[in-house]
Student: 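Attaching a single structure in structure tokens format; questions to follow.
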Amino acid sequence: MAAKADENEYFVREIDRNDGCALKVKQCFLGDVGCVVWDAAIVLAKYLETKQFYDPSSGVNVWSGRTVLELGAGTGVVGLMVATLGAQVIVTDLEDLQTLLKMNIQENQALISSGSITAKVLKWGEDVSEFLPHPDYVLMADCIYYEQSIVPLVESLKLLCGPETCIVCCYEQRTEGVNPEVERQFFELLQQNFCCEEIPSEKQDPEFSSPDIHILHIRRKA
């Protein structure tokens with residue numbers, strides 16, 4: 001994964017796809033948590049192009065024509081990956097990350113043929129009507145770290161997810177500070193309305209996986 005300086009403000013991280021093309025993702029040198037590609041985002045992006053989702057040799061493409069919403073998208077790398085595989089994607093984050101998201105969409109537009117991707121502002125806990133009907137998939141990488149965001153995040157998930165929606169959540173388990181308690185609170189609240197299935201490492205990308213990084217499929221309880 002190469003990095004090079006760009007206009008003093010950004011550096012580019014390349015994430016190789018299985019077909020040999022690379023996503024080029026700009027990150028900020030300075031800024032908050034949303035400005036860099038976190039490890040969980042790369043683990044999730046690479047999981048979403050494993051053969052169970054995308055295998056041109058056997059005609060498998062789960063992403064073709066599917067509607068996908070990414071929450072807390074940051075640089076947009078996860079949404080970009082599935083857009084290049086044919087999904088209709090909306091990547092969302094706060095207002096101050098829209099410039100970076102739009103820049104990364106522009107940078108990778110040539111890799112997107114049958115899919116599409118747009119960036120929009122979504123503040124957790126607020127109105128989600130413009131993101132309905134319910135998407136087929138909701139993607140989240142490393143969205144569980146602020147205690148004050150747990151209730152609004154789960155509220156948004158309840159509003160966004162229909163009975164058929166699959167949430168694919170990837171997070172790095174952190175043992176320091178308030179992180180374990182924040183995770184515990186999130187899953188306790190989530191499991192009132194959703195059930196979670198952990199994805200074993202053998203179903204993840206063999207190179208891009210880690211014992212500290214967990215992938216879950218989350219669905220509404222019947």
Side-chain angles (χ1 to χ4, degrees), residues 25 27-28 30-45 47-48 68-80 82 89-102 104 117-132 134-135 137-162 165-199 210 212-221:
V25 181
Q27 306 178 204
C28 300
L30 304 168
D32 192 21
V33 291
C35 303
V36 294
V37 178
W38 291 93
D39 289 343
I42 294 177
V43 168
L44 180 55
Y47 167 65
L48 298 175
V68 176
L69 183 73
E70 186 182 1
L71 299 181
T75 63
V77 63
V78 176
L80 280 164
V82 293
V89 182
I90 301 173
V91 285
T92 69
D93 212 313
L94 298 173
E95 184 67 59
D96 56 0
L97 282 158
Q98 295 300 306
T99 303
L100 185 62
L101 276 172
K102 285 171 180 161
N104 282 329
I117 184 165
T118 52
K120 292 189 175 180
V121 175
L122 173 55
K123 198 169 177 194
W124 300 341
E126 295 191 357
D127 181 42
V128 301
S129 53
E130 73 167 304
F131 303 101
L132 299 176
H134 303 299
Y137 287 87
V138 171
L139 306 178
M140 297 165 45
D142 255 349
C143 288
I144 316 161
Y145 47 83
Y146 288 139
E147 191 168 8
Q148 61 272 32
S149 69
I150 287 173
V151 171
L153 174 54
V154 173
E155 202 49 46
S156 289
L157 291 172
K158 281 162 38 183
L159 294 168
L160 288 165
C161 296
T165 305
C166 178
I167 302 165
V168 188
C169 169
C170 185
Y171 71 100
E172 186 168 355
Q173 193 164 22
R174 297 178 171 92
T175 52
E176 68 279 2
V178 297
N179 288 302
E181 177 58 19
V182 171
E183 277 168 29
R184 188 194 65 75
Q185 287 178 24
F186 172 74
F187 286 110
E188 195 174 275
L189 190 58
L190 187 77
Q191 283 165 346
Q192 292 173 13
N193 296 93
F194 294 89
C195 39
C196 305
E197 173 203 355
E198 179 141 11
I199 303 304
S210 155
D212 304 335
I213 296 178
H214 302 274
I215 300 177
L216 304 172
H217 285 194
I218 302 166
R219 292 180 182 273
R220 260 195 182 284
K221 288 181 175 172

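Hydrogens, waters and symmetry mates are skipped; everything else that's a heavy atom, side chains included, is used.
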Student: How many angstroms lie between CD in Q192 and CZ in F187, if you round to the nearest 0.5 Å?
Tutor: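 Interatomic distance, Q192 CD to F187 CZ, rounded to 0.5 Å: 14.0 Å.
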Student: If I take atom CZ from residue R219 and atom CZ from residue F194, how far apart are they, to the nearest 0.5 angstrom?
Tutor: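 CZ of F194 is found 11.5 Å from CZ of R219.
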Student: Going from CG on D39 to OG on S210, what distance comes out if it is rounded to the nearest 0.5 angstrom?
Tutor: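 Going from CG on D39 over to OG on S210, the span is 7.5 Å.
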Student: Please find the pair of heavy atoms, one from A40 and one from I213, that lie closest to each other, and give the distance.
Tutor: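 For A40 and I213, the tightest heavy-atom pair comes out as N-CD1, 4.0 Å.
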Student: Looking at side-chain heavy atoms only, is the closest gap between T165 and R220 below 4.5 Å?
Tutor: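 SC-SC contact between T165 and R220 ruled out.
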Student: Taking the side chain as every heavy atom from C-beta outward, state whether V82 and V78 have any pair of such atoms under 4.5 Å apart.
Tutor: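 No, too far: nothing below the 4.5 Å cut-off.
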Student: Let me confirm one number: the OG1-CD distance from T92 to E130, rounded to the nearest 0.5 Å.
Tutor: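 Rounded to the nearest 0.5 Å, the OG1-CD separation comes out at 10.0 Å.
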Student: Examine distances only and state if a side-chain atom of D93 and a backbone atom of G74 form a donor-acceptor pair shorter than 3.5 Å.
Tutor: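 Between the backbone of G74 and the side chain of D93 there is a qualifying donor-acceptor contact (under 3.5 Å).
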Student: Would you check if Y47 and V168 make a side-chain contact, meaning some heavy-atom pair closer than 4.5 Å?
Tutor: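 In short, these two side chains touch, coming nearer than 4.5 Å.
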Student: Taking the side chain as every heavy atom from C-beta outward, state whether C170 and I215 have any pair of such atoms under 4.5 Å apart.
Tutor: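 With C-beta onward as the side chain, the pair touches.
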Student: Might you point out which heavy atoms bring L71 and C143 nearest each other, and give the distance in Å?
Tutor: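 Result for this residue pair: O-SG, 3.5 Å.
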Student: Between Q98 (side chain) and K120 (backbone), is there a donor-acceptor pair under 3.5 Å?
Tutor: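 The answer is yes, because a donor-acceptor pair under 3.5 Å joins these two groups.
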Student: So which atom in P180 and which in G177 form the shortest heavy-atom distance, rounded to 0.1 Å?
Tutor: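 Nearest heavy atoms, P180 then G177: CD-O, 3.5 Å.
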Student: To the nearest 0.5 Å, tell me how far L160 CG sits from I167 CD1.
Tutor: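 Going from CG on L160 over to CD1 on I167, the span is 8.5 Å.
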Student: Please say which of L94, L159, L153, V151 ends up in a side chain to side chain contact (heavy atoms under 4.5 Å, CB included) with W124.
Tutor: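 Of the listed options, the one satisfying the test is L153.
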Student: Grab the two heavy atoms, one from N104 and one from T75, that are nearest each other, plus how far apart they are.
Tutor: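 Scanning both residues, the minimum pair turns out to be ND2-O, 2.9 Å.
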Student: Which pair of non-hydrogen atoms, one from I218 and one from C169, has the smallest distance, and what is that distance?
Tutor: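 Residues I218 and C169, closest heavy atoms: CD1-CB, 3.7 Å.
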Student: Do Y145 and V182 come close enough that some side-chain heavy atom pair is under 4.5 Å?
Tutor: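 No, every pair of side-chain atoms sits at 4.5 Å or beyond.
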Student: Could you give the distance from CG (L101) to CD1 (I90), rounded to the nearest 0.5 Å?
Tutor: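 Reported to 0.5 Å precision, the distance equals 12.5 Å.
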Student: Considering all heavy atoms of both residues, which atom of A141 and which atom of A41 are nearest to each other, and what is their separation?
Tutor: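 Taking A141 first and A41 second, the nearest heavy atoms are CB-CA, 3.7 Å.
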Student: Is a donor on one side and an acceptor on the other found under 3.5 Å between the side chain of D142 and the backbone of E172?
Tutor: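 Such a contact is found between D142 side chain and E172 backbone.
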